[in-house]
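Following: one structure in structure tokens, then a few remarks.
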2 protein chains.
Amino acid sequence: MKRIKLTVAYDGTVYCGWQIQPQVPTIESVLNDTLSRILREDIQVIGASRTDAGVHALGNVAVFDTETPIPPDRISYAVNPHLPDDIRIISSCQAADDFHPRFCDSRKTYEYRIQTGPSLLPTSRRYSHWLPGRPDIAAMQEAGAYIVGTHDFKSFCAAGAQVKTTVRTVLSVDVEEGELLPGFHEILIRVSGEGFLYNMVRIIVGTMLKAGFGVWPPEHVKTIIEGRDRTLAGETVPARGLCLKGIEYL
Amino acid sequence: MKRIKLTVAYDGTVYCGWQIQPQVPTIESVLNDTLSRILREDIQVIGASRTDAGVHALGNVAVFDTETPIPPDRISYAVNPHLPDDIRIISSCQAADDFHPRFCDSRKTYEYRIQTGPSLLPTSRRYSHWLPGRPDIAAMQEAGAYIVGTHDFKSFCAAGAQVKTTVRTVLSVDVEEGELLPGFHEILIRVSGEGFLYNMVRIIVGTMLKAGFGVWPPEHVKTIIEGRDRTLAGETVPARGLCLKGIEYL
């Protein structure tokens with residue numbers, strides 16, 4: 001018996017998220033079905049991040065146990081031709097028998113894309129949130145700086161989520177802007193942390209946008225954190241702009 | 001009667017190219033149908049570049065004549081909500097009555113994307129050509145330098161194309177490479193010119209790749225140009241990597 005670690009990329013557009021649910025397509029169910037068929041075993045993967053419906057990934061992580069004689073680093077090559085083209089195993093390797101992708105210390109990086117301008121460009125539409133107006137990038141960056149650190153992020157957690165603690169550590173928040181066409185820009189917000197609450201990155205981005213559009217001064221983020229109340233923070237921005245860039249195990 | 005100039009962006013994945021053909025979806029037919037319905041006139045656009053099936057655009061140009069009372073710069077806003085989300089009018093304005101998008105001097109810029117690495121990333125699959133191996137970027141750039149200039153590009157024109165002359169002027173060829181993930185790179189080839197033959201950009205890229213993989217030394221491009229024979233040049237790379245970035249009228 002070997003434990004295999006997969007790095008998985010997907011375009012989440014047509015999936016109801018990572019986690020198996022009856023009657024709907026999910027990343028986890030496609031992986032389980034395809035791995036079970038190709039390795040001729042009953043395979044059940046454990047995912048590091050149970051991304052929401054419509055969220056994308058370049059580097060989610062999943063593990064499973066197998067008796068297959070296929071060398072660990074060749075499993076990706078054996079399985080990829082049988083996956084739909086919106087899911088790919090980036091790499092496969094053997095992991096320690098006790099490695100668990102959610103209970104080992106890690107650093108996760110998410111990227112959120114916003115496209116601004118008079119319309120949503122067809123080539124951006126699957127991977128970007130669209131805003132007609134252009135927020136102030138410096139104000140967004142300043143707001144993001146207040147997010148960095150170890151805080152109680154209760155204000156940035158979807159109401160009703162069941163967690164033991166809402167304290168998390170955010171390691172960095174960076175904002176960049178590039179021009180796609182005259183009058184059309186793309187904003188990339190990169191957030192790294194040791195763990196995130198449900199919808200936390202999307203609420204952070206929604207809150208930074210409030211600062212970017214001058215609704216709040218950037219330092220108001222401190223008050224939002226201290227208030228420990230979801231209604232104080234900004235909106236949860238749409239899933240399609242979000243991509244789990246990668247997970248680094250420490 | 002006013003002549004209106006549109007700048008048009010599209011994801012060409014599901015279209016059989018720009019030009020109207022019976023029974024199949026094309027960009028031109030969607031624009032004609034939608035403009036005719038919204039402006040309540042029989043509209044027939046004339047496109048600057050009749051892109052092939054599967055090719056994308058951020059800035060193709062089309063013109064049409066209309067009696068509509070909608071101000072020229074508002075036509076994009078009136079029409080966009082009625083277009084499918086893979087076609088958008090980036091901007092609209094009034095043009096001179098004798099402006100013709102194909103017979104006026106212009107500079108066109110195309111971008112071609114190649115993603116390298118062990119598999120085609122799901123989020124790149126609609127807009128990139130995939131190659132498992134990584135070509136030498138400096139050799140590709142060197143080969144591209146031989147393309148720049150006014151030459152007879154008969155070797156770079158799809159066989160059977162009907163044109164008066166195969167002489168064209170290429171203004172610049174640039175190659176950049178960026179890392180998407182460890183082991184996964186994206187190569188962007190940007191080609192600008194005063195006009196292109198049928199499949200010319202895709203054959204230029206296929207030829208540069210031969211130099212990038214060491215099949216030919218970069219200077220062999222001179223021999224290919226001098227030979228005036230399509231069979232001397234590289235393959236026509238797939239349509240999905242190609243995007244018409246923009247057209248500048250001089």
Side-chain angles (χ1 to χ4, degrees), chain A residues 7-15 27 30 55-60 73-81 83-92 109 111 113 115 117-128 130 132 178-184 186 240 242-248, chain B residues 7-15 27 30 55-60 73-81 83-92 109 111 113 115 117-128 130 132 178-184 186 240 242-248:
Chain A
T7 303
V8 186
Y10 43 87
D11 175 332
T13 306
V14 304
Y15 294 97
I27 314 292
V30 171
V55 173
H56 316 291
L58 278 176
N60 205 343
D73 65 326
R74 305 307 298 172
I75 290 176
S76 60
Y77 294 90
V79 176
N80 273 334
L83 285 169
D85 68 357
D86 52 8
I87 303 180
R88 279 292 173 274
I89 301 173
I90 295 303
S91 62
S92 54
T109 300
E111 289 184 343
R113 273 168 217 279
Q115 188 235 293
S119 59
L120 175 58
L121 295 172
T123 47
S124 298
R125 76 192 191 287
R126 294 169 78 97
Y127 309 116
S128 294
W130 172 56
E179 191 184 64
L180 297 170
L181 285 178
F184 291 78
E186 183 175 81
R240 68 162 176 241
L242 189 62
C243 181
L244 173 54
K245 184 79 189 293
I247 306 174
E248 203 182 333
Chain B
T7 302
V8 186
Y10 43 88
D11 176 333
T13 306
V14 304
Y15 295 97
I27 314 292
V30 171
V55 172
H56 316 291
L58 280 175
N60 205 344
D73 65 327
R74 305 307 299 171
I75 291 175
S76 60
Y77 294 90
V79 176
N80 273 334
L83 285 168
D85 69 357
D86 52 7
I87 303 180
R88 279 291 174 273
I89 301 173
I90 295 304
S91 62
S92 53
T109 300
E111 290 184 342
R113 273 168 217 279
Q115 188 235 294
S119 59
L120 175 58
L121 294 172
T123 46
S124 298
R125 75 192 192 287
R126 295 169 78 97
Y127 309 115
S128 294
W130 172 55
E179 191 183 65
L180 298 169
L181 286 178
F184 291 77
E186 184 175 82
R240 68 161 176 241
L242 189 62
C243 180
L244 172 55
K245 184 79 189 292
I247 306 174
E248 203 183 331

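A quick note: this is a predicted structure, and the numbers were derived from the prediction, not measured. These numbers come from the heavy atoms of this one structure, side chains and all, not from hydrogens, waters or symmetry mates.
A:Asn80 touches chain B through its side chain: at least one heavy atom from C-beta onward sits under 4.5 Å away, while N, CA, C and O do not. In this structure, the portion of A:Ser119 lying under 4.5 Å from any heavy atom of chain B is its side chain and not its backbone.
Partners of B:Asp73 by side-chain contact (heavy atoms from CB on, under 4.5 Å), not counting sequence neighbours, listed by chain and number: B:Pro71. B:Arg126 pairs by the salt bridge (charged side-chain N to carboxylate O under 4.0 Å, His left out) definition with B:Asp11, not counting sequence neighbours.
Taking CG of B:Leu121 as the reference point, atom CZ of A:Arg88 lies at 9.5 Å (rounded to 0.5 Å). Once rounded to the nearest 0.5 Å, the distance linking OG1 of A:Thr123 with NE2 of B:His56 reads 8.0 Å.
Looking only at side-chain heavy atoms (C-beta outward), A:Leu181 and B:Ile90 come within less than 4.5 Å of each other. Residues B:Leu58 and A:Leu180 fail the side-chain proximity criterion, which asks for heavy atoms closer than 4.5 Å.
Nearest heavy atoms, B:Pro122 versus A:Tyr127: O-OH, 3.9 Å.
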